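Note on naming: letters A, B, ... go to the chains in the order of the sequence lines (proteins, then strands), and numbering restarts at 1 for each one. Everything numeric here is computed off the predicted structure, so don't read it as measured data. Values below: all heavy atoms of this structure, side chains included; hydrogens, waters and symmetry mates excluded.
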Amino acid sequence: MGRVLVMVGSDLRQQVLDRSIFIFGLAVPLALMWVFSLIFAPLAEELEPVTVAVSGPADDPLTGTLVETLGGLDDAVDVTVLEADAADVPALLADGEVGAGVLVPDGFSAALADGDAPQVQVRLPESPGLEGEVVTAVVDGVLRQFTATARTAAAAEELGGQPEEVDAVLAEDAATGPSVGWAQGETADEQLSARESIVAGQAGFFLLFTVGFGVLGLVVEREWGTLARLLSMPIPSWWVLLSKGLSSWLLGVLATGVLLLAGSLLFDDVHLGSPAVIAVLLLAVVAAATSIMFVIAKVARSAEQAGVAQTIVAITLGMSGGAFFRVSSEGALGTMLQLNPVTALGRGLGITAGGGGVVDLAPVLLAMGLMCVAMAALAVRVPGRRDVL
Amino acid sequence: MTTPVLQVDALRRSFGPATVVDGVSLRVDPGETVGLLGPNGAGKTTTISMIAGLLRPDDGSVRIQGVDMAKDPLAAKRHLGLVPQDLAIYPELSARSNLFFFGRLQGMRGTALRRRVAEVLDVVGLTDRATGASKTFSGGMKRRLNIAIGLLHEPRLLILDEPTVGVDPQSRNAILESVEALSGEGMAVLYTTHYMEEAERLCDRIGIMDAGRVIAEGTRDELVEITGGADTVTLVGEGPLDEVEVAVAGIPAVREVRRVAGERRLVMMVQGAPQAISAIVATATGAGMTLRDVETSRPDLESVFLHLTGKALRD
């Protein structure tokens, strides 16, 4: 088996001399991570503080509840309520002094109690941002709840309830306030932040190129004639196969490890979890990615064909695995998507980022193990060159 | 009787419906150089691939140094050095690194490997360029490195598959000199080529291959004897070649006349061409042929191939 290591060492040395691995395995993915981070990560940043101008009748109980609800959204967005005249709201919006305006009509509570449909207006600037959308959603929710309560009270009165009792219910509802709440969602245990997703996605996507440097070398060596020479040597042919697989695997683990480390160091707020647990995840994910390359090496008739096939596979698995944008799917398709090294890397890093250990990674590791077996079987069965595979 | 280094019996191999190698048998003894001569597509490389254990034969057997390739391929391959038709070297590595790599795969190491690397670099004249990346080498230098790798572990049998393809005359001569030296050292050499001159110069015995079969085998002189020692005369020109063919066939010295397919050319085997040439030319022109060229040659492997197959070796 020492001769397997001789072949692996020679392969790695040639990759270093060729320098392509540094370009496609490290430089390009890091550059793309940086670009994607600039483009996509700001979209997922926390909401900015916003001032909301509210114009409404003084001492109106439901208007007071609405103002209190808006002012109580501090966990999600810091809202300052500015009481203003209805006529001043357009100017405040135009000057950018407020991020939203809410105009409550006179006699709002009484109109609701009488079963009327009073119109509450929410005015937003031309570019309201996410903060304006949040204010609109909260006002909408509060009004729906007020309306539901008023309708319930009217129904109760129609069914024979005493008007005093119904009024008491309405007054209690106004005093308590609606149960509408808003808070910035915490990431679930298996979800990465936007920047972490970019780092994981690009690392997974380029892994599918890095592992090609070893196994797809079989196709190149067919063309060079060195594969024939290797197979004429007094070594089992599967040693040649093993050496190529090991080269791919080592290159994939090293390059992806460096990418994840660099992503953690170069970008803010990227925390992927325990290095030891990530290492275990990498070993399995890279093995699965390497197994795909054996299928390509079997069917490709030339190095050019192998390169095209590798690119198609990488883009397909990269896109379906969320390397460029998040994807979600359920049922059989969702299960199939789990058999994807890019998906597995993202999901696994989500677990490690949430503090998960090797045991928590078990489903991901199992999926990657299954994928290795499936790809190995496919590489043996699929029609193609029969020199080593 | 010595044990042959290579004994090939009735090798057969098909790809789909096409039978590429059809019952090839060969024997190469120690210190002997045997050539496989034939045009491109004759089945030489497929035969070599089966001998080297790269391709499993459909039928037949290969024994190297008495070891059956099918039963114990690793033991058989220990006695084998292969120089493939392709430039089987790693371009990013230097000549020395290539040699060390393949030497280690042959199980060589330490001082013995270093000594042998220096020796083969010297044999192929690459000592001065041992450390430069082989991708910077000329075609001839790459070919010589290709041969050096095959020689490195001092195999009992060296297989050279068209080792001079695409090589300049100077490098070609250097390669041929290297091969000549090898048989002098007791190595058995199997040499495939479609260059008649190389086969004549290097080989103790030659097998002529066509369409997957060895159609004749023997020493150069034995093969030439197949033609009856006749010279080859070729007439090139226009006219009623069918009538000319009949006319020249009537000349007593002309043993055989053939038209080369697709060409305005008549090739004939002639006993004593210098004496008969004037009668041949007169008959051909008398039958209406406008001659553009007349070629005569002494009997050689080309004429043997032509005699046996009706085709030129390089068709």
Side-chain angles (χ1 to χ4, degrees), chain A residues 1-25 213-214 216-244 246-247 251 301-303 380 383-389, chain B residues 15 45 48-56 64 67 69 72-94 97-98 100-109 113 133-135 142-143 145-147 149-150 152-153 155 157-159 161-163 165:
Chain A
M1 291 296 280
R3 282 179 260 186
V4 172
L5 297 181
V6 169
M7 286 187 273
V8 172
S10 177
D11 254 9
L12 296 180
R13 186 178 169 205
Q14 288 176 69
Q15 300 300 345
V16 170
L17 290 171
D18 180 55
R19 297 191 185 94
S20 299
I21 184 73
F22 297 112
I23 297 169
F24 295 106
F213 282 104
L216 296 186
L218 282 170
V219 186
V220 176
E221 292 209 30
R222 269 185 208 135
E223 293 181 354
W224 285 351
T226 43
L227 184 59
R229 173 159 261 153
L230 290 175
L231 296 177
S232 75
M233 302 239 157
I235 53 174
S237 58
W238 65 268
W239 283 14
V240 178
L241 213 57
L242 178 63
S243 74
K244 295 297 176 191
L246 276 175
S247 300
L251 286 170
R301 293 185 177 276
S302 66
V380 171
R385 298 288 294 261
R386 294 204 174 274
D387 39 19
V388 280
L389 273 161
Chain B
F15 295 103
T45 297
I48 292 293
S49 296
M50 288 189 281
I51 293 172
L54 308 179
L55 199 61
R56 196 181 294 273
I64 300 175
V67 181
M69 179 64 81
D72 192 351
L74 299 190
K77 286 175 180 178
R78 280 193 193 97
H79 304 294
L80 169 72
L82 175 67
V83 180
Q85 188 171 346
D86 296 316
L87 289 169
I89 59 175
Y90 292 107
E92 292 291 344
L93 301 182
S94 67
S97 295
N98 267 290
F100 269 103
F101 170 70
F102 286 111
R104 287 191 183 107
L105 291 188
Q106 289 286 2
M108 304 169 75
R109 55 193 77 252
L113 176 58
S134 54
K135 65 183 176 186
K142 287 175 182 169
R143 285 277 168 204
L145 175 58
N146 196 22
I147 291 173
I149 295 167
L152 187 63
H153 59 296
L157 172 68
L158 181 68
I159 300 175
D161 189 9
E162 307 263 11
V165 168

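Here the closest non-hydrogen pair linking A:Gly225 and B:Pro84 is O-CG, 4.1 Å. Across all their heavy atoms, B:Gln106 and A:Arg3 have their closest contact at C-NH1, 4.0 Å. When every heavy atom of B:Leu105 is checked against every heavy atom of A:Leu230, the shortest pair comes out as CD1-CD2, 3.3 Å.
Note: B:Leu74 CG to A:Met233 CE = 13.0 Å, rounded to the nearest 0.5 Å. Between atom CG of residue A:Asp18 and atom OH of residue B:Tyr90 there is a gap of 14.0 Å, rounded to the nearest 0.5 Å. Note that NZ of B:Lys77 and CD1 of A:Ile235 are 8.5 Å apart. Values are rounded to the nearest 0.5 Å. Remark: B:Leu54 CG to A:Leu227 CG distance equals 8.5 Å, nearest 0.5 Å.
In the model, B:Arg104 has no side-chain atom that pairs as donor or acceptor with a side-chain atom of A:Ser10 under 3.5 Å.
The closest side-chain heavy-atom distance from A:Glu223 to B:Asp86 is not below 4.5 Å.
For chain A, no part of B:Phe100 is nearby; none of its heavy atoms comes within less than 4.5 Å. Proximity to chain A involves both the backbone and the side chain of B:Ile149, based on heavy atoms less than 4.5 angstrom apart.
Shown here are the side-chain hydrogen bond (donor to acceptor under 3.5 Å, both in side chains) partners of A:Arg229, two or more places apart in sequence or in another chain: B:Asn146. Taking A:Ser243 as the reference, A:Val4, A:Met7, A:Val8 meet the side chain to side chain contact (heavy atoms under 4.5 Å, CB included) condition, with sequence neighbours excluded.
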With side-chain contact (heavy atoms from CB on, under 4.5 Å) as the criterion, how do B:Phe101 and A:Val6 come out once you've worked through the C-alpha distance, each side chain's angles and the decisive distance to 0.1 Å?
CA-CA 7 Å; B:Phe101 170 70; A:Val6 169; 3.8 Å; yes

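In terms of non-hydrogen atom pairs under 4.5 Å with chain A, the most contact-rich of B:Ile89, B:Leu93, B:Leu55, B:Val83 is B:Leu93.
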